[in-house]
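Right, one structure below, let's go through it.
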Amino acid sequence: MNDKPQQETFDLETIRHSTAHLMAQAVKQLFPETKVTIGPVIEDGFYYDFFRDTPFVPEDLEKIEARMKEIAAQNLDIVRQEIPRPDAVKMFSDMGENFKAEIIEGIDSAAPISLYSQGDFTDLCRGPHVDNTRALKSFKLLSTSAAYWRGDERNPVLQRIYGTAWHSDKELRSYLRRLEEAKKRDHRKLGKELDLFTINDEVGPGLTLWHPKGSRVRYLIEEFWRKEHYKNGYELVFTPHAARVDLWKTSGHMEFYRENIFSPMDIEGQEYVMKPMNCPFHIQIYKSRLRSYRDLPIRFAELGTVYRYERSGVLHGLLRVRGFTQDDAHLFCRPVQLEDEISKVLHFVLFILRAFGFHEYKVYLSTRPDKFVGSEDDWEKATRALENALVRTQIAFEVDPGEGVFYGPKIDIKIKDSLNRFWQVSTIQVDFNLPQRFGITYVEENGNREQPIMIHRALMGSLERFFGCLVEHYAGAFPVWLAPVQAILLPITDAHHPFAEAVAEKLAANDLRVEKDLRNEKIGFKIREAQLQKIPYMVILGDKEVESQTVSIRKHRSKETRSLGLDEFIEQLRTETRDKTIDVIDQPE
RNA sequence: GCCCACGUAGCUCAGUGGUAGAGCACUUCCUUGGUAAGGAAGAGGUCAUCGGUUCAAUCCCGAUCGUGGGCUCCA
């Protein structure tokens with residue numbers, strides 16, 4: 001066995017990068033008029049951007065993939081060589097590869113220009129690559145799209161092909177299964193199937209209609225959120241959906257955020273806009289009277305619905321919409337309180353996220369960008385406060401240098417879902433800008449007026465996005481505490497309807513969410529539907545149950561049935577609801 | 001916004017230059033059945049919208065609106 005595969009000796013990034021080259025080679029062979037540009041490795045795969053007049057169609061992908069396999073099977077050695085920069089520019093210019101020539105001109109003059117060749121194909125590349133095309137076996141081309149040269153829409157349009165590559169066919173298959181699974185639990189699909197929400201053309205793109213079942217879940221989330229906020233020392237407020245444009249001039253949003261603000265409307269000669277943020281309102285509440293250092297910290301929280309103009313092409317289900325509700329809060333504190341406040345927010349956010357079944361996070365600390373307001377000293381202190389709070393809370397984090405917003409440093413939290421995907425939800429941002437713009441103050445111990453530090457924070461980000469994330473995380477099978485319907489009663493025949501009514505009444509009297517399926521259908525049919533609706537508990541009621549005054553329970557996740565007394569069942573449901581018990585979350589194999 | 005694809009019944013989708021079909025859902029009837037689909041009948045569509053080509057357009061062309069995959073940006 002001398003042709004034993006060697007792919008295990010290369011890391012995935014190298015394999016993917018080499019596969020991108022292999023694809024470019026195949027494309028050049030099949031479509032010689034095409035020009036190559038760049039082909040980087042991305043998460044789970046790679047892409048390569050080509051310049052040509054006509055876009056690739058799915059049949060092209062099949063042809064390209066077949067050619068790639070042929071080339072790989074030729075066992076071509078991949079050879080690196082370095083050449084002088086002018087030669088490289090000339091070479092690619094002569095080949096008509098003006099994009100490559102342009103890249104070379106942009107490369108640091110100290111860096112060597114390296115070429116990689118395999119058979120008839122030579123490409124500019126930093127490498128590294130696998131040593132022979134035989135190492136490239138487990139790949140698949142996935143999709144095409146358009147992209148701009150260097151990501152700028154003023155530049156030529158390029159045709160992009162996405163693909164994926166792995167060490168082995170087994171890994172490849174597993175990845176493709178994961179894609180299938182993600183498609184199955186797409187919140188847009190489940191939203192329709194489970195009757196949770198719709199986004200309707202006549203209402204408008206990016207505007208969500210929450211159906212009764214989706215609303216139920218949202219209401220439960222909100223209820224939990226409000227209760228915990230009161231417990232944690234927040235005051236809840238409500239503020240309007242629109243305000244005079246002058247407010248947004250003061251806040252600076254008309255200047256810096258204008259392109260996301262809906263066009264103004266004229267009301268009695270005054271311009272008003274829909275609010276893109278809640279902060280100016282909370283600041284106005286702060287300003288409604290004189291504040292003492294004794295009042296601080298002040299924490300105003302609101303499930304505030306904001307409207308932001310997003311370009312039509314970026315809208316996506318509930319994840320990117322034009323009207324959404326932030327679980328927003330603004331904290332006003334003295335500088336000495338900053339670290340403590342951040343620390344409390346961190347504890348709080350982890351508590352909330354855990355309740356929803358998220359236990360793994362990526363946390364980023366973003367520091368001062370080039371353009372900023374406030375003094376370097378303030379930034380320094382605030383950044384240290386954030387960092388100390390993270391350390392104190394024993395949260396692992398990465399520093400994102402220079403990635404803070406112009407008005408202050410921030411902490412971002414991404415949560416990992418059951419398919420190992422990360423979702424940006426929580427954010428904690430220090431703001432030196434708005435307190436100054438609105439001139440808010442408090443009276444210090446010594447009688448002087450001081451400017452409070454303001455913190456913006458959202459735990460779930462937006463309810464729409466968080467809900468979409470939950471739907472995908474649970475694949476639509478919400479845990480008992482969140483399920484819109486916790487139990488469905490399935491009488492065997494209409495003779496058992498009275499018993500079902502009685503059971504329903506008792507469950508409802510215990511604050512449980514119950515439905516009855518009294519349709520003239522066989523039990524198998526009712527079970528199938530309840531199963532597809534992902535209702536946690538099915539309650540089968542027939543002669544046996546009426547006679548013994550018990551209920552037969554079938555759980556969504558297991559096919560076994562269990563018979564128990566009604567009170568016992570109620571107790572179990574109540575306990576699971578109270579403890580926010582989360583069953584094993586469905587995972588793809 | 002830009003590139004590409006798509007838009008047919010409530011849903012999922014066939015289909016044709018001569019004004020349309022299936023399955024599921026819905027309504028009615030039969031069936032009273034113990035753990036993933038019992039049977040029959042019926043109703044339901046300006047084929048996204050507006051214009052053009054044509055004797056004739058759901059089909060071809062254009063525009064608009066919307067959706068999807070990306071680009072870009074973010075919560």
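Here is how names work: the chains are called A, B, and so on, in the same order as the sequence lines, proteins then strands, and each is numbered from 1. Fair warning: this is a prediction, and the values are worked out from it, not measured in the lab.
- Classification of the Trp210(A)-Phe467(A) ring pair by plane angle, with boundaries at 30° and 60°, yields tilted.
- The two residues Ile64(A) and Ala26(A) come nearest to each other via the heavy atoms O-CB, 3.8 Å.
- Taking all atoms of both residues into account, the shortest heavy-atom contact from Ala20(A) to Tyr47(A) is CB-O, 4.3 Å.
- Between A25(B) and A9(B), the two C1' atoms lie 11 Å apart (nearest whole Å).
- Rounded to whole Å, the distance from CG on Leu194(A) to C1' on C11(B) is 14 Å.
- Residues satisfying the side chain to side chain contact (heavy atoms under 4.5 Å, CB included) test with Leu142(A), not counting sequence neighbours, are Lys140(A), Thr164(A), Tyr175(A), Leu176(A), Leu179(A).
- Distance CG (Leu490(A)) to C1' (G34(B)): 11 Å, rounded to an integer number of Å.
- For the C1' atoms, the distance linking G34(B) with G44(B) amounts to 35 Å, nearest Å.
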Atom pairs, protein N/O to nucleotides 66-70 of chain B N/O, distance under 3.5 Å:
from: G66(B); atom 1: O2'; to: Asp201(A); atom 2: OD1; distance (Å): 2.7
from: G66(B); atom 1: O2'; to: Asp201(A); atom 2: OD2; distance (Å): 3.0
from: G68(B); atom 1: OP1; to: Arg188(A); atom 2: NH1; distance (Å): 3.3
from: G68(B); atom 1: O3'; to: Arg188(A); atom 2: NH1; distance (Å): 3.4
from: G69(B); atom 1: OP1; to: Arg188(A); atom 2: NH1; distance (Å): 3.4
from: G69(B); atom 1: OP1; to: Arg188(A); atom 2: NH2; distance (Å): 3.0
from: G69(B); atom 1: OP2; to: His316(A); atom 2: ND1; distance (Å): 3.3
from: G70(B); atom 1: O3'; to: Tyr162(A); atom 2: OH; distance (Å): 2.8
from: G70(B); atom 1: O2'; to: Ser145(A); atom 2: OG; distance (Å): 2.4

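- The base of C73(B) sits with one of its N or O atoms less than 3.5 Å from a complementary donor or acceptor on the side chain of Arg320(A).
- Formation of a donor-acceptor pair under 3.5 Å by the His556(A) side chain with backbone atoms of Ile535(A) is not found in this model.
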Toss me the dot-bracket line for RNA chain B: Watson-Crick and G-U wobble, both under 3.5 Å, 5' to 3', using | for pairs to another strand and [ ] for crossers. (((((((..((((....[..)))).(((((.......))))).....(((((..]....))))))))))))....
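- The aromatic rings of His187(A) and Phe197(A) lie parallel to each other, with less than 30° between the two planes, well short of the 60° mark.
- Although no hydrogens or angles enter the test, the distance criterion places no donor-acceptor pair under 3.5 Å between the side chain of Gln486(A) and the main chain of Leu512(A).
- The distance from atom CG of Leu158(A) to atom P of C71(B) is 13 Å, rounded to the nearest whole Å.
- Using P as the reference atom, C29(B) and C6(B) are 45 Å apart when rounded to the nearest Å.
- Annotation: salt bridge (charged side-chain N to carboxylate O under 4.0 Å, His left out) contacts of Arg188(A) (sequence neighbours excluded): Asp186(A).
- Considering only side-chain N and O atoms, Lys526(A) lies nowhere under 4.0 angstrom from the phosphate OP1 or OP2 of G33(B).
- In this structure, Asp60(A) atom CG and A5(B) atom P are separated by 12 Å, rounded to whole Å.
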What do the steps show when you test Glu529(A) against Arg519(A) for salt bridge (charged side-chain N to carboxylate O under 4.0 Å, His left out), and what is the final call? CA-CA 12 Å; Glu529(A) 294 225 329; Arg519(A) 292 176 303 173; 2.8 Å; yes
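- Relative ring orientation between Phe50(A) and Tyr48(A) is described as parallel, the plane-to-plane angle staying below 30° on a 0-90° scale split at 30° and 60°.
- Atom CG of Asp494(A) is separated from atom P of G34(B) by 13 Å (rounded to the nearest Å).
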Name the atoms and distances for all side-chain donor-acceptor pairs under 3.5 Å in residues 346-371 of chain A, with sequence neighbours left out.
from: Glu360(A); atom 1: OE1; to: Lys416(A); atom 2: NZ; distance (Å): 3.2
from: Tyr361(A); atom 1: OH; to: Phe358(A); atom 2: O; distance (Å): 2.7
from: Thr367(A); atom 1: OG1; to: Gly402(A); atom 2: N; distance (Å): 2.9

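- Using a 4.0 Å heavy-atom distance criterion, Glu310(A) is classed as a base contact.
- In this structure, the separation between CG on Leu196(A) and CG on Leu318(A) is 9.0 Å, given to the nearest 0.5 Å.
- With both ends at atom P, the span from G69(B) to U28(B) equals 39 Å, rounded to whole Å.
- Using P as the reference atom, G68(B) and U32(B) are 47 Å apart when rounded to the nearest Å.
- Distance NZ (Lys414(A)) to C1' (C74(B)): 11 Å, rounded to an integer number of Å.
- A20(B) and U46(B) have their C1' atoms separated by 13 Å, given to the nearest Å.
- Between the CG atom of Leu319(A) and the P atom of C73(B) there is a distance of 18 Å, given to the nearest Å.
- When rounded to the nearest whole Å, the span between CD of Glu193(A) and P of C13(B) equals 11 Å.
- Nucleic acid contact for Asp543(A): base, since at least one base atom lies under 4.0 Å from a heavy atom of the residue.
- Of the two residues contacting RNA chain B, namely Ala495(A) and Tyr257(A), the nearest-nucleotide position lying further toward the 5' end is that of Ala495(A).
- Taking the P atom of each, G21(B) and U58(B) are spaced 15 Å apart, rounded to whole Å.
- A gap of 26 Å separates the C1' atoms of A36(B) and A41(B), to the nearest Å.
- Side-chain atoms of Lys526(A) come within 3.5 Å of backbone atoms of Asp517(A) as a donor-acceptor pair (strictly under, hydrogens ignored).
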In B/S/- notation, 5' to 3', how is nucleotides 35-43 of chain B contacted by protein heavy atoms closer than 4.0 Å? BBBB-----
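- Nucleic acid contact for Val321(A): base, since at least one base atom lies under 4.0 Å from a heavy atom of the residue.
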